[in-house]
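None of these values were measured; they are calculated from a predicted model. Residue numbering restarts at 1 for every chain, and letters A, B, ... go by the order of the sequence lines. Atoms considered below: every heavy atom in the structure, side chains included; atoms not considered: hydrogens, waters and symmetry mates.
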Amino acid sequence: MKVIRAAALGAAALVFCATGAARGATPERVTVTGEIIDTWCYVTEIMYAEGTAHHQCAVWCAVGGIPVSVLGEDGNVYVVLRVEGDATSVNNPKLLTIQSHSVTVDGDLYQRDGVNYLIVSQVADDNGVVNLTHEDYGIQPFGN
Amino acid sequence: MKIWIIAATAAALFAGPALAADEWGIEYEEKARFDATVVDILCELSGDCPENCGGGKRQLGLLKDDGTLILPAKNQDIFAGAANDLLPFCGRKITADGLLIKDPKATLFVLQFKRLAPDGEWSRATWFVRDWAEQRGLDRKSQEAKNWFRGDEQVKALIEADGVYGIPGLKPEE
């Protein structure tokens, strides 16, 4: 009986360890400079999804729970999962107030199955909205 | 250009009532139906795992048996994500039906229908507007609910503060 119980405990420990190993891969520490964007509209190119032209839509989408990203100067899209200790990534109040802003952030990068996920530890620099795309694209979508 | 934008927006943001994935005409899209467990993505990646997948405040993912993690970025409601549709299934395996967009910029999934695997009842991925309307005592099929993004209190406060361009004081020409 003792042997069976020990074996069961051993098996449970193995399962626990295996689960623990699957969760919590080692991230890469990064600094990213870029624009806070609406991930869906930018990736799908449904409309022009950068800067002032898309700001209102970006707010709608972020409130609606669409993932918010940093569009890095390197061209990469970094989906934000956490900001400065707040693990909210659906309708995050901080991300709402800096939507379309040009920022520099420090964080941990996880790359998984075609997506860059970023855990932002600090928004080190916030230059506000500087990408004046409305001069060329008006308001996207729906116009003025 | 403007006509294309409006057509593409309408196609992508308003989906038809069919029970299998509708194509939205997005580059790199492919219809996809698969079984996967609903997971809290932050938990899956970092080991930070609160109860109930974060209670609706976190992006939820679809973890396939082969270890592939899918990011559902959109449901079928206009301007809304899929968290409301997935949260009730936290930790459970569902069959997800929608569009997988393998764009080089990021791989995203549009959740169009879901059911508890293997043979639960299908439901449309439209629970953001359902919940938004319910919280305000509105009919989910009302115009206010359909245009939730214009009436939402948070949105109105943000646009009033920063303007449609995100720059306080900068306004469109009349």
Side-chain angles (χ1 to χ4, degrees), chain A residues 20 22-25 27 39-40 42-48 51-53 55-61 63-67 69 75-77 79 81-82 86-93 96-97 99-101 108 110 112-117 119 128-129 132 134 138-144, chain B residues 2 5-6 8-9 12-13 24 26-27 29 41-50 54 56-59 67-71 73-75 77-84 101-108 128 148-150 152 154-155 158-159 161-167 170 172-174:
Chain A
R23 289 175 175 169
T39 310
W40 168 254
Y42 178 77
V43 169
T44 58
E45 299 179 13
I46 284 172
M47 61 198 81
Y48 194 81
T52 50
H55 175 76
Q56 179 175 247
C57 182
V59 169
W60 292 343
C61 290
V63 171
I66 289 174
S69 293
N76 291 326
V77 173
V79 177
L81 292 180
R82 183 184 183 99
D86 182 356
T88 302
S89 52
V90 171
N91 190 358
N92 179 300
L96 289 173
T97 59
Q99 193 64 265
S100 313
H101 289 201
D108 290 334
Y110 294 85
R112 179 86 175 260
D113 300 314
V115 182
N116 296 312
Y117 295 100
I119 295 175
V129 181
L132 304 180
H134 72 280
I139 297 176
Q140 300 287 336
F142 305 142
N144 287 7
Chain B
K2 222 165 192 177
I5 290 167
I6 292 168
T9 302
L13 299 177
W24 285 3
I26 298 165
E27 194 173 16
E29 75 178 15
I41 296 178
L42 187 58
C43 166
E44 172 65 20
L45 294 176
S46 73
D48 172 6
C49 305
K57 294 186 174 181
R58 295 181 172 207
Q59 293 295 338
T68 304
L69 181 63
I70 305 288
L71 173 61
K74 188 80 187 75
N75 78 346
D77 292 320
I78 188 166
F79 305 118
N84 287 49
I101 302 165
K102 292 183 178 175
D103 193 295
K105 295 191 283 293
T107 297
L108 305 178
F128 174 84
W148 73 268
F149 48 94
R150 295 202 186 276
D152 183 87
Q154 267 183 296
V155 168
L158 286 160
I159 298 301
D162 294 337
V164 294
Y165 297 137
I167 300 175
L170 182 61
E173 291 178 11
E174 293 295 329

The side chain to side chain contact (heavy atoms under 4.5 Å, CB included) partners of A:L132 (sequence neighbours excluded) come to A:T52, A:H134, A:E135, B:I167
For the atom pair OG1 (A:T44) and CH2 (B:W24), what is the distance rounded to the nearest 0.5 Å?
-> 9.5 Å
Quick one: CZ on B:F79 to CH2 on A:W40, what's the gap to the nearest 0.5 Å?
-> 12.0 Å
Straight-line distance of B:K74 NZ to A:I46 CD1, nearest 0.5 Å | 8.0 Å
Heavy-atom closest pair, residues A:Y110 and B:S46 = OH-CB, 3.5 Å
Applying a strict 4.5 Å limit to non-hydrogen atoms, the region of B:D48 in contact with chain A is side chain
Region of B:E173 in contact with chain A, defined by heavy-atom distances below 4.5 Å | backbone
B:I101 versus chain A, the contacting section by heavy-atom distance below 4.5 Å = side chain
Among A:G75, A:A87, A:G64, the residue with the most heavy-atom pairs under 4.5 Å to chain B is A:G64
Output the option from A:C61, A:G138, A:G128 having the highest count of non-hydrogen pairs under 4.5 Å with chain B.
-> A:C61
What is the distance from atom CZ of A:R112 to atom CD of B:E44, rounded to the nearest 0.5 Å?
-> 4.5 Å
Using a 4.5 Å cut-off on heavy atoms from C-beta on, say whether the side chain of B:L158 contacts that of A:Q99.
-> no
Could you have a look at B:E27, B:R150, B:K102 and say which one has the most heavy-atom pairs with chain A under 4.5 angstrom?
-> B:R150
Between A:I66 and B:F128, is any pair of side-chain heavy atoms under 4.5 Å apart?
-> no
May I ask you to name which of B:I41, B:L69, B:V155 has the most heavy-atom pairs under 4.5 Å with chain A?
-> B:L69
Is B:I159 close to A:Q56 at the side-chain level, that is, under 4.5 Å between some pair of heavy atoms?
-> yes
Which atoms of A:S100 come close to chain B, meaning under 4.5 Å heavy atom to heavy atom: side chain ones, backbone ones, both, or neither?
-> neither
Sort out for me which residue in B:T107, B:L108, B:I26 forms a side-chain contact (heavy atoms from CB on, under 4.5 Å) with A:V43.
-> B:L108
Could you check A:V59 against B:Q154 for side chain to side chain contact (heavy atoms under 4.5 Å, CB included), going step by step and ending with a plain yes or no?
-> CA-CA 9 Å; A:V59 169; B:Q154 267 183 296; over 6 Å; no
Nearest 0.5 Å, what's the CG-CG distance between B:L45 and A:D108?
-> 11.0 Å
Exam field: side chain B:Q59 to backbone A:G65, donor-acceptor pair closer than 3.5 Å | yes
For residues B:F149 and A:V63, determine if any side-chain heavy atom of one lies less than 4.5 Å from a side-chain heavy atom of the other.
-> no
Can you tell me how far NE2 of A:H55 sits from CG of B:L170, rounded to the nearest 0.5 angstrom?
-> 11.0 Å
Which bit of B:L42 comes within less than 4.5 Å of chain A, counting heavy atoms only: side chain, backbone, both or neither?
-> both
Could you tell me which portion of A:L96 (side chain, backbone, both or neither) has an atom closer than 4.5 angstrom to a non-hydrogen atom of chain B?
-> both
Exercise: identify the closest heavy-atom pair between B:A73 and A:P67 | O-CD, 3.6 Å
Who pairs with B:T68 by side chain to side chain contact (heavy atoms under 4.5 Å, CB included), at least two apart in sequence or on another chain?
-> A:D113, B:K64, B:D66, B:I70
Between B:A83 and chain A, which part of the residue has a heavy atom less than 4.5 Å away: side chain, backbone, both or neither?
-> side chain
